[in-house]
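Computed from a predicted model, the values in this text were never measured in an experiment. Reckoned from all heavy atoms, side chains included, excluding hydrogens, waters and symmetry mates.
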Amino acid sequence: MTIQNNLFDNNTLKKKILSDKHNRMVFSSGREFDIYMVGGYLRDVLLGRKSIDRDFAAKGNLQDILEKIAAKTDGRIICIGKRNFYRIVSAKGLMLDFSPVDKDIEHDLRERDFTVNSMAWSPGTGIIDLNNGMNDLSKKIIKMNRIDNLLKDPVRILRAYRLADEMSFKIDPKTRNALKTIRKRIREAKSERITLEFFRILNSNNNIITLRTLLKDGILEQIIPLSHGKLEDKLKVIYNFNKIFDKLPLRYKVKLGKEFSQGLSYKGLLTLEILMLGSPYCDHLTMSSRINEHISLLRNIRKFTGKEKRAREELYRIFKTAGRALLDYILINNMLKYINEYERYVRIMKKCILPTKEIMQITGLKEGKALGTVIEELKRAEFICKIKHKGEAIDFIKEKCLFNLT
């Protein structure tokens with residue numbers, strides 16, 4: 001992606017920014033205040049990219065500004081973190097982020113993380129670029145402003161790699177050396193913020209490239225508590241998994257592309273599972289109960305050998321243990337040849353070969369544990385191909401299940 005040189009002209013840039021009705025509303029509402037567009041939105045406009053997040057910095061009575069704009073958007077004001085960072089969220093999903101300018105906008109920009117994020121714009125001033133951010137955008141470089149800025153907020157260490165990934169940029173050599181030097185400081189960042197940045201990397205189509213860079217620079221082992229050698233092995237598995245993904249039927253690619261939890265895609269979850277399996281509990285990541293459930297299920301499954309005389313029975317035991325994480329198990333263990341067995345298992349689990357009422361009539365059982373056992377045995381028998389139609393299912397119940405229940 002290249003920078004849109006025509007947007008260097010302030011009139012063109014002004015037209016582009018104010019063509020958005022929400023931007024127009026913010027600047028018109030804050031005419032008596034010093035309001036600037038900053039951060040990722042401005043960067044993305046210069047790159048010709050679409051951006052949902054709108055970041056503003058304002059000098060003056062921030063509460064007055066927020067209340068005025070919230071009233072116009074029918075939104076609510078949310079305070080985020082300890083730095084008086086605010087977000088206005090409207091009923092229609094619009095999000096506007098505001099941070100206070102304590103001294104002046106120039107001081108604010110010098111305190112930011114990277115040069116490409118350290119520009120500001122307002123209708124009155126035009127572009128303010130004290131740190132040559134536009135030049136670094138043109139060169140596709142992520143460059144720090146000062147190492148002290150990274151130390152004040154160590155999650156910025158990980159953010160450098162995430163930004164380079166998302167924009168297909170390179171990290172400036174001097175900046176990269178600094179990141180490697182202070183890598184252990186990332187542990188001081190809040191786990192929720194590390195998780196947000198790390199999940200965005202896992203969601204990337206190029207995650208293997210970025211993960212390799214993180215490993216090479218000693219960052220990855222600050223997040224996933226494994227040795228360098230073990231993490232190298234994990235990345236080989238992730239590389240192979242990405243090749244498997246390319247071979248998947250479209251319906252599975254669509255499924256894996258959807259959000260699973262905490263903004264993490266299902267494909268990103270599988271990458272996380274590969275990293276987490278075999279590692280101790282990771283207190284540098286804050287994961288939802290849904291994500292933790294899948295990781296816990298996978299920890300309890302033995303690897304499929306296929307060497308048993310009754311391979312289908314082994315598959316059944318593994319599939320049953322995997323539960324909701326069954327698809328995860330199939331994919332991260334490179335078992336695409338068993339995808340049809342997976343689909344057949346899912347169908348059988350959803351619908352038994354005999355309706356429950358018919359099973360109750362044959363067995364005389366009422367709802368309860370005993371009936372559940374019969375249904376489970378019936379499903380198992382169908383999966384291992386011991387029964388293939390209703391007649392065999394009825395005989396199976398009469399000959400086997402009832403005998404076991406007496």
Any chance CZ of Arg146 has more than 12 other-residue heavy atoms, nucleotides or ligands included, within less than 6.0 Å? yes
Between Tyr41 and Trp121, does the ring centre distance come in under 6.0 Å? no
Tightest non-hydrogen contact, residues Ile65 and Ala58, listed as CD1-CB, 3.6 Å
Looking at CE of Met335 and NZ of Lys303, how far apart are the two atoms once the value is rounded to the nearest 0.5 Å? 9.5 Å
Test item: Thr286 and Lys190 side chains (from C-beta on) under 4.5 Å apart, heavy atoms: no
Heavy atoms of Leu66 and Ile88 approach each other most closely as O-CD1, 3.6 Å
If you measure from the Lys or Arg side-chain nitrogens to the Asp or Glu carboxylate oxygens, is any gap between Asp217 and Arg183 under 4.0 Å? no
Residue Lys152 excluded, over 12 heavy atoms near NZ under 6.0 Å: yes
Given the rule in the side chain to side chain contact (heavy atoms under 4.5 Å, CB included) test, do Ile209 and Asp165 qualify, once you have shown the distances and angles that lead to the verdict? CA-CA 8 Å; Ile209 297 173; Asp165 184 319; over 6 Å; no
Answer with yes or no after comparing the ring centroid distance for His294 and Phe260 against a 6.0 Å cut-off, counting only values under it. yes
Glu358: what forms a side-chain contact (heavy atoms from CB on, under 4.5 Å) with it, not counting sequence neighbours? Leu354, Pro355, Ile362, Lys390, Ile394
From CD1 (Ile375) to CZ (Arg380), nearest 0.5 Å: 16.0 Å
Note: Val237 and Ile332 closest approach over all heavy atoms is CG1-O, 4.2 Å
Atom CD1 in Ile141, atom NZ in Lys170: separation rounded to 0.5 Å? 9.5 Å
Give a yes or no answer on whether the side chain of Lys68 reaches the backbone of Ser29 with a donor-acceptor pair at less than 3.5 Å. yes
For the student: nearest non-hydrogen atoms of Leu13 and Val45, plus distance: CD1-CG1, 3.7 Å
When you check the gap from the basic side-chain N to the acidic O, do Arg200 and Glu197 get nearer than 4.0 Å? no
Run the side chain to side chain donor-acceptor pair (under 3.5 Å) check on Arg43 and Asn117 step by step: do they pass? CA-CA 7 Å; Arg43 180 194 70 219; Asn117 290 336; 2.6 Å; yes
With the side chain counted from C-beta on, respond yes when Val155 and Phe198 share a heavy-atom pair under 4.5 Å apart, and no when they do not. no
State the CZ-CG distance between Arg212 and Asn207, to the nearest 0.5 angstrom. 10.0 Å
Should Arg317 and Glu314 be marked as a salt bridge (charged side-chain N to carboxylate O under 4.0 Å, His left out) after you check the CA-CA gap, both sets of side-chain angles, and the distance that decides it? CA-CA 5 Å; Arg317 288 195 297 272; Glu314 185 186 6; 5.8 Å; no
Under a 4.5 Å cut-off applied to non-hydrogen side-chain atoms, are Leu179 and Tyr161 in contact? yes
Examine distances only and state if a side-chain atom of Asp129 and a backbone atom of Met134 form a donor-acceptor pair shorter than 3.5 Å. yes
Heavy-atom side-chain contact between Ile77 and Glu67 under 4.5 Å: yes
For Tyr342, what residues pass the ring-ring contact (aromatic ring centres under 6.0 Å, His included) criterion, not counting sequence neighbours? none
Side chain to side chain contact (heavy atoms under 4.5 Å, CB included), that's the test. Do Asn333 and Phe304 meet it? Break it down for me. CA-CA 9 Å; Asn333 284 287; Phe304 177 64; over 6 Å; no
Taking Ser265 for the side chain and Asn203 for the main chain, is one N or O donor matched with an acceptor at less than 3.5 Å? no
Any sub-3.5 Å donor-acceptor pair from Arg24's side-chain atoms to Leu18's backbone N or O? yes
Side chain to side chain contact (heavy atoms under 4.5 Å, CB included) between Met287 and Leu264, intermediate numbers included: CA-CA 10 Å; Met287 297 177 288; Leu264 186 66; over 6 Å; no
Stepwise ring pair (Phe, Tyr, Trp, His ring centres under 6.0 Å) test for Phe383 and Tyr345: CA-CA 6 Å; Phe383 180 78; Tyr345 176 86; 5.6 Å; yes
Are Ile201 and Leu214 packed together at the side-chain level, in the sense that at least one heavy-atom pair is separated by less than 4.5 angstrom? yes
Determine, for Arg251 against Glu343, whether the closest basic-nitrogen to carboxylate-oxygen distance falls under 4.0 angstrom. yes
Does atom NZ of Lys180 have more than 12 heavy-atom neighbours, drawn from other residues, nucleotides or ligands, at distances under 6.0 Å? yes
More than 12 heavy atoms of other groups within 6.0 Å of Glu367 CD: no
May I ask you to check whether over 12 heavy atoms, not counting those of Lys253, lie within 6.0 Å of atom NZ? yes
Check for a donor-acceptor pair, side chain of Ser19 on one end and backbone N or O of Lys16 on the other, with a separation under 3.5 Å. yes
Picking from Leu275, Leu256, Ile244, what satisfies side-chain contact (heavy atoms from CB on, under 4.5 Å) with Leu270? Leu256
If we only count heavy atoms from C-beta on, is the Lys184 to Gln222 side-chain gap below 4.5 Å? yes
So, is the end of the Arg156 side chain (NZ or CZ) under 6.0 Å from the ring centre of Phe114 and within 45° of the ring's axis? no
Checking Tyr36 against Asp108 for the side chain to side chain donor-acceptor pair (under 3.5 Å) test, could you report, in this order, the C-alpha distance in whole Å, the side-chain angles of both residues, the deciding distance, and whether it holds? CA-CA 11 Å; Tyr36 303 89; Asp108 177 274; over 6 Å; no
Look only at the side chain of Glu376 and the backbone of Gly372, and say whether a donor-acceptor pair between them is shorter than 3.5 Å. no
Given Asp136, Asn131, Asn145, the one that forms side chain to side chain donor-acceptor pair (under 3.5 Å) with Thr115: Asp136
Does the side chain of Lys216 reach to within under 4.5 Å of the side chain of Arg176, using non-hydrogen atoms? yes
Salt bridge (charged side-chain N to carboxylate O under 4.0 Å, His left out) partner of Arg54, the single match among Asp97, Asp44, Asp20: Asp20
Closest heavy-atom contact between Leu62 and Ser99? CD2-C, 4.4 Å
Validate the cation-pi geometry between Lys386 and Phe396: distance from NZ or CZ to the six-membered ring centre under 6.0 Å, angle to the ring axis within 45°. no
Any side-chain heavy atom of Leu331 within less than 4.5 Å of one from Phe245? no
Closest contact, heavy atoms only, Cys352 versus Ile359: SG-CD1, 4.2 Å
Run Glu111 and Asn149 through side chain to side chain contact (heavy atoms under 4.5 Å, CB included) and show every step you take. CA-CA 6 Å; Glu111 293 299 305; Asn149 293 4; 4.1 Å; yes
For Lys72, does the NZ atom sit with more than 12 other heavy atoms under 6.0 Å from it, leaving out its own atoms? yes
